[in-house]
2 protein chains.
Amino acid sequence: MTQSGPEAATLPLDSIVRGDCIEVMEGLPESSVDLIFADPPYNLQLKGDLHRPEGSRVDAVDDDWDRFASFETYDAFTRAWLKAARRVLKPDGAIWVIGSYHNIFRVGASLQDAGYWILNDVVWRKTNPMPNFRGKRLTNAHETLIWAAKSEKSRYTFNYDALKALNEGTQMRSDWTLPICSGHERLKGADGHKAHPTQKPQSLLHRVLVGSTDPGDVVLDPFFGTGTTGTVAKMLGRRFIGIEREQAYIDAAEERLSRVRPYEKAALCVSQGKRSEPRVPFGTLVERGLLRPGETLVNSKGVMAKIRADGTLCSDKLTGSIHQVGAAIDGAPSCNGWTYWSFIRDGQRVPIDSLRQQIRAELI
Amino acid sequence: MTQSGPEAATLPLDSIVRGDCIEVMEGLPESSVDLIFADPPYNLQLKGDLHRPEGSRVDAVDDDWDRFASFETYDAFTRAWLKAARRVLKPDGAIWVIGSYHNIFRVGASLQDAGYWILNDVVWRKTNPMPNFRGKRLTNAHETLIWAAKSEKSRYTFNYDALKALNEGTQMRSDWTLPICSGHERLKGADGHKAHPTQKPQSLLHRVLVGSTDPGDVVLDPFFGTGTTGTVAKMLGRRFIGIEREQAYIDAAEERLSRVRPYEKAALCVSQGKRSEPRVPFGTLVERGLLRPGETLVNSKGVMAKIRADGTLCSDKLTGSIHQVGAAIDGAPSCNGWTYWSFIRDGQRVPIDSLRQQIRAELI
DNA sequence: ACGACTACTGAATCTCATC
DNA sequence: GGATGAGATTCAGTAGTCG
């Protein structure tokens, strides 16, 4: 456990902190943040002087050493900020990091070495990438995001049903097709030039935050830039913390954030699956008289079982819960009894799950 | 310079060498191979069984060759084979490595450390990936390939125009959409079971070899398996060398190769093609800011519904997709939400389908 | 011949509350 | 903290059978 001074006791919510992200994160309380979104620099300093993390200059002797020293420096930087980030994450927190082939392999390996648990790598397919002008390589049409939990045991947030809804009813895949940030969304400086070289599109953050946070969650961006993370977080009713070194980016981000109008609260309520609904023991249906002890249930193949007064089933072979008996009949490892069994009304098979729906409706 | 004995002076062209790939590559003459394609073990780290919702068991990759004690062990293995591979590459040679998020970050970092020069990372988007059965993560719908030259100074082979032609006249991008290997292409053993758990599709190798080799080039595959690399190399008039440890895989590959008929020289640029109208989820319009969560849609009779952040609609009665809510309002069995709903701009009703057209235009 | 229908499959780090 | 048991969870495609 780290001793935290009083200055570390509170989170600077919905604001931008100026400074080096490692130092600033070390000053934040540990286990306090739900999600981190990071777009780190990937300048590998392949040209010019090289410096070790502590500042000394590397005396490059040949190409191999030059390259190695450069990667070593970048790795040290990566390990340092990932360690500081992991400390401020809640135990069930998660991180997203975005990068290109220049740096993402080093970041991914460092994530694994630091104890993060990779959940998916996600490909952002750009609909409108910059072409390869010289025709010497493939058009670099994507970037890679890594989604990782703080640890293997983290029970991370994943709004499966919301993302499935965003994808019109089929599971969200690990490849996302979205345009780059351009047009009105792209921030311009006073000179009309783009305010930040690598501004990310809001659509990308929308999908990240809808999928891996809930309203009210705290989202930290240690490389805030011009504040796309904060902008989308504010729109979606999440809290944000931004860390940025350059005052010019902070100024642009502050101005941008001041113009953001959050969505209505009702619109933030997102599709939920059955997992979020209250549990209803099967015995409740018997207690309430929706099913009678002695009544017969059937599965889709016509196999029958009798209901007993305590809410267990009794078939030829076995007695047990609706799940256990269903699994035993099919020789399956498990079974959802709610969708497996039906009762008979007016000669028709009616799924018992409809009775559970009835009970749940009463509970509201 | 390494002293090469006479036994190392010749290349075992168009044949499979049985043995450990590191030892075998160390026995090959240095600077003798044009391209390496490597599909190393992914180190999946699977734990228990996984079952599909209907109860069947997923046939997982649990082979001995994919088990490593730790990341350190895996890294040592990776560094060793990458070093041996780099020695046999010609100065202008290149390498392709394929992997998933389990291993690709470690492989990519090791490639960079070993002095290879990354040219592109390429995403193989699977049209038909295995779903995520438990709904706990995104569907793992892609794998990653890294294309790297032996060194920064290598003048590597890149057939820009051939790939452009394969891509119907526009530059080949870094994301490739191809189906997984199934059906008749998938090799089966005598028992009818798949001969290799991770056989790659020939279409993938086709694109790799057309793009980065010339006819007559020597292609080495240190993890030959059932020989997809050799098969496509032979079809395309390239020479191949396969290295494989398991005799069962070698037997299957030999038989497969014996059936391969090389293409006629004129027939190299074929295949590919199918391109239908891309599906656009309604949620995409929300993510991209074309419609706001909280905004109201209307049908032709003026009935209204509100948009939520995940792209679902919320009316008086019902919450669901644009199609579901439209159907419910009309009491119809189904409904095309795209033509059913309009949004309001400047007091005018505008069909949401016009926004879909806009997105589709970007996707082409 | 063709359509309807069933069965099967793919590199997968795939649960969680309660006792 | 480990064991137990409820119960939630799938997409695109191929191949084969039957009518």
Side-chain angles (χ1 to χ4, degrees), chain A residues 92 112 116-121 147-149 152-156 158 160-161 164 167 169-174 272-283 311-312 320-327 332-341 352-353 356, chain B residues 39-63 65-68 71 98-104 124 126-144 179-186 188 192-194 196-201 223 225 279:
Chain A
D92 291 338
Q112 292 177 311
Y116 291 93
W117 189 247
I118 297 182
L119 300 169
N120 278 112
D121 59 336
W147 176 35
E152 185 177 356
K153 297 190 181 66
S154 301
R155 291 181 311 180
Y156 53 92
F158 179 52
Y160 174 78
D161 295 284
K164 192 173 174 179
N167 199 33
T170 55
Q171 292 187 335
M172 185 64 79
R173 299 168 38 115
S174 57
Q272 303 283 326
K274 285 184 183 175
R275 277 188 259 250
S276 63
E277 295 192 56
R279 280 201 182 183
V280 177
F282 177 70
T312 54
S321 71
I322 53 173
H323 317 293
Q324 290 169 331
V325 175
S334 71
C335 167
N336 183 345
W338 288 108
T339 54
Y340 185 85
W341 295 107
I352 60 173
D353 206 25
R356 181 169 64 160
Chain B
D39 184 8
Y42 288 7
N43 186 25
L44 287 187
Q45 310 169 69
L46 301 179
K47 303 209 169 70
D49 277 354
L50 178 65
H51 295 267
R52 297 184 179 81
E54 101 279 350
S56 64
R57 183 177 159 277
V58 174
D59 186 14
V61 178
D62 55 0
D63 305 73
W65 49 254
D66 196 45
R67 279 200 273 270
F68 295 83
F71 283 135
I98 184 169
S100 67
Y101 68 84
H102 309 83
N103 72 323
I104 199 65
W124 169 28
K126 303 178 183 181
T127 57
N128 48 351
M130 181 156 54
N132 186 289
F133 295 116
R134 309 302 293 268
K136 301 307 290 185
R137 301 183 178 189
L138 302 165
T139 304
N140 201 351
H142 75 276
E143 295 189 24
T144 301
I180 61 176
C181 181
S182 65
H184 291 302
E185 189 185 319
R186 187 90 195 202
K188 305 287 196 301
H193 195 254
K194 59 192 174 191
H196 192 284
T198 70
Q199 186 181 339
K200 295 294 176 288
F223 306 97
R279 195 173 60 97

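Here is how names work: the chains are called A, B, and so on, in the same order as the sequence lines, proteins then strands, and each is numbered from 1. Treat the numbers as computed from the prediction; the structure is a model and nothing was measured.
- Here the side chain of B/T139 pairs no donor or acceptor atom with the backbone of B/P131 at under 3.5 angstrom.
- Comparing the P positions of C/dA12 and D/dG7 gives a spacing of 29 Å, expressed to the nearest Å.
- Remark: the A/R356 side chain and the D/dG7 base include no donor-acceptor N/O pair separated by less than 3.5 Å.
- The residue among A/Y160 and A/V280 whose nearest nucleotide of DNA chain D is located toward the 5' end is A/V280.
- Among the atoms of the strands shown, base atoms are found under 4.0 Å from some heavy atom of B/P40.
- For A/S334 against D/dA8, a side-chain N or O and a base N or O form a donor-acceptor pair under 3.5 Å.
- As rounded to the nearest Å, C/dT9 and D/dT10 have C1' atoms that lie 12 Å from one another.
- Residue contacts for B/D66: at a heavy-atom cut-off of 4.0 Å it reaches a base atom on one of the strands shown.
- Shown here are the side-chain contact (heavy atoms from CB on, under 4.5 Å) partners of A/R275, two or more places apart in sequence or in another chain: B/K136.
- In textbook terms, a nucleotide whose glycosidic angle is within 90° of 0 is syn, and C/dT13 is one such case.
- With hydrogens and angles ignored, the 3.5 Å screen pairs no side-chain donor or acceptor of B/D63 with any backbone N or O of B/D66.
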Output, in order, the C-alpha distance, side-chain angles, deciding distance and verdict of side-chain contact (heavy atoms from CB on, under 4.5 Å) for B/H102 and A/I118. CA-CA 8 Å; B/H102 309 83; A/I118 297 182; over 6 Å; no

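- Taking the side chain of B/D59 as heavy atoms from C-beta on, and the options C/dG10, D/dT9, C/dA11, the nearest nucleotide is C/dG10.
- A close approach under 4.0 Å does not occur between any side-chain nitrogen or oxygen of B/K126 and OP1 or OP2 of D/dC11.
- A sub-4.0 Å separation between OP1 or OP2 of C/dA11 and a side-chain N or O of B/R67 is absent.
- Along DNA chain C, the nucleotide nearest B/R52 and the nucleotide nearest B/N140 are compared for position; the residue whose nucleotide lies closer to the 5' end is B/R52.
- Comparing C/dT9, C/dA11, C/dA12 by their nearest atom to the side chain of B/A60 picks out C/dA12.
- A straight line from CG of A/N167 to P of D/dC11 spans 9 Å, rounded to a whole angstrom.
- Positionally, the nearest nucleotide of DNA chain C for B/S182 lies more toward the 5' end than for the other of B/S182 and A/Q112.
- Residues forming a ring pair (Phe, Tyr, Trp, His ring centres under 6.0 Å) with A/Y156 (at least two apart in sequence, or on another chain): A/W147.
- Using a 4.0 Å heavy-atom cutoff across all strands shown, B/K200 reaches at least one base atom of the nucleic acid.
- Judged as a ring pair (Phe, Tyr, Trp, His ring centres under 6.0 Å), and not counting sequence neighbours, A/W117 has no contacts.
- The residue A/I322 sits apart from the nucleic acid: no heavy atom pair falls under 4.0 Å.
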For a side-chain contact (heavy atoms from CB on, under 4.5 Å) check, start with the C-alpha distance between B/Y42 and B/E143, then their side-chain angles and the critical distance, and finish with the verdict. CA-CA 11 Å; B/Y42 288 7; B/E143 295 189 24; 2.5 Å; yes

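- Atom P of D/dA8 sits at a distance of 30 Å from the matching atom of C/dA11, rounded to the whole Å.
- Looking at heavy-atom distances under 4.0 Å, B/W124 makes no contact with the nucleic acid at all.
- B/H51 has its NE2 atom 16 Å from the P atom of C/dG10, to the nearest Å.
- Residue contacts shown for A/T170 are limited to sugar-phosphate atoms, with no base heavy atom under 4.0 Å away.
- For A/D353 and A/K274, the salt-bridge test passes: some basic side-chain N is under 4.0 Å from an acidic carboxylate O.
- In this structure a side-chain-to-backbone donor-acceptor pair under 3.5 Å is present from B/Q199 to B/E185.
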How does DNA chain D look in dot-bracket notation if pairs are Watson-Crick or G-U with both distances under 3.5 Å, crossing ones as [ ], other-strand ones as |? .|||||....|||||||||

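- Take A/S334 and apply the side-chain contact (heavy atoms from CB on, under 4.5 Å) test, not counting sequence neighbours, and it matches no residue.
- Under the rule for a side-chain contact (heavy atoms from CB on, under 4.5 Å), the partners of A/T312 that lie at least two apart in sequence or sit in another chain are A/R308, A/D310, A/T319.
- In this structure, the nucleotide among C/dA11, D/dA8, D/dT10 sitting nearest to the side chain of B/Y42 is C/dA11.
- One interatomic measurement links the two molecules: CG of A/D353 to P of D/dA6, which rounds to 16 Å at whole-angstrom precision.
- Proximity of A/H323 to the phosphate of D/dG5: no side-chain N or O atom is located under 4.0 Å from OP1 or OP2.
- Atom NE2 in B/H196 sits roughly 11 Å away from atom P in C/dA11 (whole-Å rounding).
- At whole-Å resolution of the value, CD in A/Q272 and P in D/dA8 are 14 Å apart.
- As a whole-Å value, the separation of A/Y340 OH from D/dG5 P is 19 Å.
- Within the 4.0 angstrom heavy-atom criterion, no nucleotide atom of any strand lies near B/C181.
- Among C/dG10, C/dT13, C/dA11, the nucleotide with an atom closest to any side-chain atom of B/Y101 is C/dT13.
- Listed by chain and residue number, B/W65, B/Y249 satisfy the ring pair (Phe, Tyr, Trp, His ring centres under 6.0 Å) test with B/H196 (two or more places apart in sequence, or in another chain).
- Not one side-chain nitrogen or oxygen of A/Q324 sits closer than 4.0 Å to the OP1 or OP2 atom of D/dG5.
- Atom pair B/H142:NE2 and C/dA12:C1' shows a separation of 14 Å (rounding to whole Å applied).
- Atom-to-atom, NE2 of B/H184 to C1' of D/dA15 comes out at 7 Å; the value is rounded to the nearest Å.
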Which parts of nucleotides 14-19 of chain C does protein reach within less than 4.0 Å, heavy atoms only, written one letter per nucleotide 5' to 3' as B for base, S for sugar-phosphate only and - for none? BSSS--

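- In this structure, B/D62 reaches neither bases nor backbone, as no heavy-atom distance under 4.0 Å exists between it and the strands shown.
- For the C1' atoms, the distance linking C/dA17 with C/dT13 amounts to 23 Å, nearest Å.
- Residue contacts shown for B/P129 include a base, since a base heavy atom lies under 4.0 Å away.
- Residues passing the salt bridge (Lys or Arg N to Asp or Glu O under 4.0 Å) test with A/D161: none are found, sequence neighbours excluded.
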